[in-house]
**Q** 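Before I ask anything, let me first share the structure, which is written out below as structure tokens.
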Amino acid sequence: MASSPTIQELAKEPMLVIPERYIHLDNEPCPILSEDATSQTIPTVDMQQLLMGEATDFQLDKLHSICKEWGIFQLVNHGVSSLLVEKLKYEIEEFYKLPLEEKMKYKIQPGDVEGYGQTLLMRDDEKLDWADRETLESYISELQKLAMTAFGLMAKALKIDKGEMEEMFDDGVQSVRMSYYPPCPQPEKVMGLRPHSDATGITILLQVNGVEGFQIKKDGIWIPVSFLPDAFVVNVGDTLEILSNGLYNSIEHRATVNSVKERMSIAMFFNPKFEAEVGPAASLLNPQNPPLFKRISTEKYYKYFFSRKLNGKSFLEQMKIENGEDDTA
Ligand SMILES: O=C(O)CCC(=O)C(=O)O
Ligand SMILES: [Fe+2]
């Protein structure tokens, strides 16, 4: 989608009616909240408490039930320096303020996955230069440590072999999506980011400029999420739902826009490593608990990952074993 990097530019034109191309006719109840969708607070997980010896069992049980029932939480006391986070937010905001010509220097090239435009940024590529490189690099490495700690705790909570989690996610593939959602004169007709679940293990989301718009679908209802100051929003992705054999919930979510203020977010995705296989953890399976999902190579998984259109929980649907039959063998 390298051809449409200009939603930000488009939004600068005086406009009362939005171009057809951006109108979502298939919107489930329009992204503007219905009257009864009160803002609920998603559960909070305190990393410091989790890592404290005595509290561990209680905290782990709490983490476990949150991942099962919600698949999403605010992570506080996460240990990432707030100075670093504030610096990153500032630099992202400054980047989007640059004139188009400047931003276009970072334009995504055909065949590339990184750059200014509508796509993902991948790590480990020397051309990364959006925000000050050092800030983004430090943020990525801090979040990588945090994600590995979270995976370790989840393995404990799931009572699976730690090795099984590590096998899938240690030295895994990370990707980043920075999103800029301009204000829109008809916010009820468009979608910032359409409903989807993340194909990741976990995603760590940071809201950049304090403007809200992130919503989750819980028990069939869209719920707006208010970000706590200094918190990350962490969500379970499809591969963790699969690894946990359906115990953990890869939550469906979307981003809405408003008519007044632009919104920015940065999502870091932690995916399985290339050599791994995606499937339920063997240590969870037994005759009473048969696999609910197929096991596939990450090669197949990534083929899907890069070709997919965001569409609800369609990947998980595809991965489900119907009638106990595994047709991937
Ligand atoms: O911008 C947001 O708040 C959501 C981003 C998101 O869900 C994604 O990038 O997958
Ligand atoms: Fe997402």
Side-chain angles (χ1 to χ4, degrees), residues 1 5 7-8 11 24 28 31-33 39-40 42 70-75 85 88-89 92-93 95-96 108 113-123 130 136 139-140 143 147 173-184 187 190-218 222-229 231-241 248-258 261-271 304-316:
M1 291 278 285
I7 181 69
Q8 189 188 357
H24 283 240
E28 322 180 18
I32 284 290
L33 300 175
S39 190
Q40 273 205 41
I42 57 170
W70 289 82
I72 190 161
F73 51 86
Q74 314 243 14
L75 186 65
V85 174
L88 180 77
K89 287 179 178 174
I92 293 175
E93 286 195 65
F95 173 80
Y96 283 112
I108 179 163
V113 287
E114 170 189 307
Y116 181 56
Q118 294 192 348
T119 189
L120 289 175
L121 285 164
M122 299 298 288
R123 221 203 150 200
W130 284 68
L136 188 56
Y139 182 73
I140 288 172
L143 256 60
V173 176
Q174 293 167 48
S175 48
V176 184
R177 175 159 45 219
M178 286 188 209
S179 301
Y180 180 95
Y181 308 99
C184 175
V190 301
M191 191 62 84
L193 193 59
R194 68 187 70 191
H196 65 282
S197 60
D198 293 339
T200 52
I202 58 170
T203 303
I204 303 183
L205 183 65
L206 175 68
Q207 199 162 252
V208 172
N209 63 338
V211 176
E212 310 220 311
F214 181 73
Q215 298 182 353
I216 56 165
K217 195 179 195 178
K218 176 125 188 345
W222 286 105
I223 300 176
V225 173
S226 278
F227 282 58
L228 292 174
F232 295 127
V233 165
V234 177
N235 68 270
V236 170
D238 296 347
T239 50
L240 188 56
E241 177 165 336
Y248 284 5
N249 176 30
S250 172
I251 187 124
E252 204 176 331
H253 54 278
R254 67 184 184 184
T256 61
V257 297
N258 68 76
K261 195 148 176 24
E262 77 266 23
R263 174 169 184 270
M264 293 166 225
S265 70
I266 173 167
M268 283 230 42
F269 306 104
F270 296 89
N271 305 297
Y304 164 79
F305 188 94
F306 289 116
S307 65
R308 80 194 176 124
K309 291 210 169 30
L310 296 181
N311 177 19
K313 295 185 72 164
S314 58
F315 176 56
L316 281 170

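The structure displayed is predicted, hence computed values, not measured ones. Both counts, for ligands and for their atoms, begin at 1 and track the order of listing.
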**Q** Should you measure from each heavy atom of Phe269, which atoms of ligand 1 turn up under 4.0 Å away?
**A** 8 (C), 9 (O), 10 (O)
**Q** Test side chain to side chain donor-acceptor pair (under 3.5 Å) on Asp238 and Ser250 and set out the steps.
**A** CA-CA 5 Å; Asp238 296 347; Ser250 172; 2.7 Å; yes
**Q** Do the side chain of Arg254 and the main chain of Arg194 share a donor and acceptor less than 3.5 angstrom apart?
**A** no
**Q** Within the 4.0 Å heavy-atom shell around Ala267, which atoms of ligand 1 are there?
**A** 9 (O)
**Q** What atoms in ligand 1 come closer than 4.0 Å to a heavy atom of Tyr181?
**A** 1 (O), 2 (C), 4 (C), 5 (C)
**Q** Mind reading off the angle at the Fe ion (ligand 2) between the OD1 atom of Asp198 and the NE2 atom of His196, rounded to 10°?
**A** 90°
**Q** Go through Glu262 and Tyr96 one step at a time and tell me if the side-chain contact (heavy atoms from CB on, under 4.5 Å) criterion holds.
**A** CA-CA 10 Å; Glu262 77 266 23; Tyr96 283 112; over 6 Å; no
**Q** Check the orientation of His253 and Phe214. Use parallel for under 30°, tilted for 30 to 60°, and perpendicular for over 60°.
**A** tilted
**Q** Report, in ascending order of atom number, the atoms of ligand 1 lying under 4.0 Å from any heavy atom of His196.
**A** 6 (C), 7 (O), 8 (C), 10 (O)
**Q** Identify which one of Ile223, Val233, Val236 satisfies the side-chain contact (heavy atoms from CB on, under 4.5 Å) criterion when paired with Ile72.
**A** Val233
**Q** Give a yes or no on whether the backbone of Thr203 and the side-chain of Asp198 come within a donor-acceptor separation of less than 3.5 Å.
**A** no
**Q** Have a look at ligand 1 and work out which part of Thr203, if any, has a heavy atom under 4.0 Å from it: side chain, backbone, both or neither.
**A** neither
**Q** Considering the heavy atoms of His253, write down every atom of ligand 1 situated less than 4.0 Å from one of them.
**A** 7 (O)
**Q** Which ligand 1 atoms does Arg263 reach within 4.0 Å, using its non-hydrogen atoms?
**A** 1 (O), 2 (C), 3 (O)
